[in-house]
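Proteins get letters first, then strands, A, B, ... in listed order; numbering begins at 1 in each.
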2 protein chains.
Amino acid sequence: MHMSRYVESPAEMLCFSLYAADHAMGRVYRPLLEPFGLTYPQYIVLMELADQTLPLRALGAAVGLESNTLTPLLKRMQAGGLVERRRNPEDERALMVSLTDKGRALREETKSIQACVFEATGLPLAELAALRDKINQLRGNLQRSLDPKKDPAKTP
Amino acid sequence: MHMSRYVESPAEMLCFSLYAADHAMGRVYRPLLEPFGLTYPQYIVLMELADQTLPLRALGAAVGLESNTLTPLLKRMQAGGLVERRRNPEDERALMVSLTDKGRALREETKSIQACVFEATGLPLAELAALRDKINQLRGNLQRSLDPKKDPAKTP
DNA sequence: TGCGATTAGATCGCGCACGATTAAATATAT
DNA sequence: ATATATTTAATCGTGCGCGATCTAATCGCA
């Protein structure tokens with residue numbers, strides 16, 4: 001018995017609001033990132049690697065992507081001189097990914113982007129933070145619904 | 001002067017929470033839609049066309065996509081027998097898109113999906129509705145920041 | 001009437017996202 | 001010690017998303 005009702009149009013659906021807002025965000029970012037030759041997922045990787053070297057797998061866990069997406073993305077970033085990819089000598093399976101000096105410099109250059117995006121949201125910072133937390137809570141719930149085994153709330 | 005501060009990691013960024021939550025939602029939908037041979041954008045189109053025939057352009061405005069994405073998507077749906085694509089005799093530029101009987105039947109069949117997604121969110125309906133409205137407000141702000149001309153709030 | 005501008009879709013190229021599969025390195029179990 | 005299982009990236013095929021461009025139909029206006 002669900003306390004729900006059938007929704008008739010995409011406009012009423014939470015999934016669609018996420019989908020459309022994500023695309024709108026992408027359209028805001030695109031012209032801001034284009035001068036730096038970055039796509040949005042590349043920008044996220046740049047942020048994530050700013051202060052650490054990670055194996056591809058851990059990087060993927062952080063950004064929510066797997067090798068089938070990250071391998072070509074990282075190769076493009078490597079071709080642009082932004083990242084280094086080298087095997088871990090202790091475990092030749094693992095590919096350690098880190099920023100080059102050029103990558104770190106680019107991250108510094110892109111620091112002004114955040115303020116532009118903040119402005120484009122048209123919402124006060126406190127609301128944005130609350131919204132982010134709520135969306136993260138939703139994401140956590142969705143992920144747990146797919147993978148109930150790794151639920152830290154239920155591991156005694 | 002912005003009442004903001006520089007954020008160091010993707011995990012703190014609203015854009016990333018949207019990006020990741022949208023992907024998580026997609027991962028919930030995928031196995032639910034796969035038995036029907038639908039992708040998520042196709043499912044949205046199916047919902048949008050349920051009770052109306054629309055020119056491609058208007059359909060695109062409703063779902064946030066343009067002809068370069070919709071044309072191949074609709075051709076795949078047409079190949080599956082779900083939609084009809086015919087030119088408007090009054091204006092041969094416009095392509096009128098509508099569901100076939102098979103398309104309407106498929107929409108009926110997919111009605112059970114919503115309850116599964118609702119459950120996966122793990123949030124009460126009132127919170128989902130509030131979150132959706134907040135995200136839609138954000139999306140409206142982002143879109144207006146890109147296209148300030150069509151702002152109904154400032155047209156006298 | 002005619003011709004330039006506008007509008008609507010279609011097409012192309014590139015990059016992301018993911019299911020499925022593969023190959024190689026490492027862990028394990030006997 | 002060796003066979004088996006697991007883990008890690010890479011690869012492949014398909015579909016979405018979008019900037020840029022093209023063609024055709026329609027509109028506007030002198």
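- Considering only the side chain of B/T39, D/dG15 comes nearest among D/dA9, C/dG9, D/dG15.
- Taking side-chain N and O atoms only, B/K75 has a distance below 4.0 Å to OP1 or OP2 of C/dT11.
- In this pair, A/Y43 and A/Y29 present their aromatic rings tilted. The plane angle is within the 30 to 60° band.
- No hydrogens or angles were tested; on distance alone, nothing pairs the side chain of A/R57 with the base of D/dT8 as donor and acceptor under 3.5 Å.
- Taking only side-chain nitrogens and oxygens, A/R30 never comes nearer than 4.0 Å to OP1 or OP2 of C/dC14.
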_Verdict with supporting geometry, B/E84 and B/K102, salt bridge (Lys or Arg N to Asp or Glu O under 4.0 Å)_ = CA-CA 11 Å; B/E84 278 181 358; B/K102 183 176 173 185; over 6 Å; no
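- One interatomic measurement links the two molecules: CD of B/E90 to P of D/dA24, which rounds to 23 Å at whole-angstrom precision.
- As a whole-Å value, the separation of A/E34 CD from C/dC14 C1' is 13 Å.
- For B/E92, counting side-chain heavy atoms from C-beta on, the closest listed nucleotide (C/dG9, D/dT26, D/dT6) is D/dT26.
- We find that CD1 of A/I44 is positioned 10 Å from P of C/dA17, with the value rounded to whole Å.
- At a threshold of 4.0 angstrom between heavy atoms, the contacts of B/L70 with the nucleic acid are absent.
- Annotation: proximity of residues 11-26 of chain A to DNA chain D (heavy atom, distance under 4.0 Å) is found for A/Y19, A/H23, numbered in ascending order.
- Listed by chain and number, the residues in a side chain to side chain donor-acceptor pair (under 3.5 Å) with A/D91 are A/R93 (sequence neighbours excluded).
- B/K75 and B/Q78 form no side-chain donor-acceptor contact under 3.5 Å, judged by distance and modelled atom types alone.
- DNA chain C is contacted by both A/P89 and A/L73; A/L73 maps to the nucleotide lying nearer its 5′ end (nearest heavy atom per residue).
- Contact of B/S67 with C/dA10 (side chain to base): a donor-acceptor pair of N or O atoms is detected under 3.5 Å.
- Between the C1' atom of C/dA8 and the CG atom of B/L65 lies a distance of 16 Å, rounded to the nearest Å.
- One can place CD of A/E66 at 12 Å from P of C/dA20, the figure rounded to the nearest angstrom.
- Between the base of D/dG19 and the side chain of B/N68 there is a donor-acceptor pair shorter than 3.5 Å.
- More than 12 heavy atoms of other shown residues, nucleotides or ligands fall within 6.0 angstrom of atom CD in A/Q114.
- The nearest pair of heavy atoms linking B/V83 to B/L74 is CG2-O, 3.7 Å.
- If you check every strand for non-hydrogen atoms under 4.0 Å, A/Q42 touches sugar and phosphate atoms only.
- Note on B/P72: nothing from the nucleic acid sits closer than 4.0 angstrom, heavy atoms only.
- The separation between A/N88 atom CG and D/dT8 atom C1' is 12 Å, rounded to whole Å.
- Per the geometry, CG belonging to A/D91 stands 20 Å off P belonging to C/dA23, to the nearest Å.
- Annotation for B/E108: atom CD counts as buried by contact number, over 12 foreign heavy atoms lying within 6.0 Å.
- Relative to the side chain of B/R93, the nucleotides D/dT26, C/dA27, D/dA9 differ in distance, and D/dT26 lies closest.
- Taking side-chain N and O atoms only, A/R27 has no distance below 4.0 Å to OP1 or OP2 of D/dG17.
- Note: CG (B/L56) to P (D/dT23) measures 20 Å, nearest angstrom.
- Here B/R87 reaches the OP1 or OP2 of C/dA10: one of its side-chain N or O atoms lies under 4.0 Å away.
- Side-chain contact between A/L14 and A/S17: present, with at least one pair of heavy atoms (C-beta onward) separated by less than 4.5 Å.
- Neither OP1 nor OP2 of D/dG17 sits under 4.0 Å from any side-chain N or O of B/T69.
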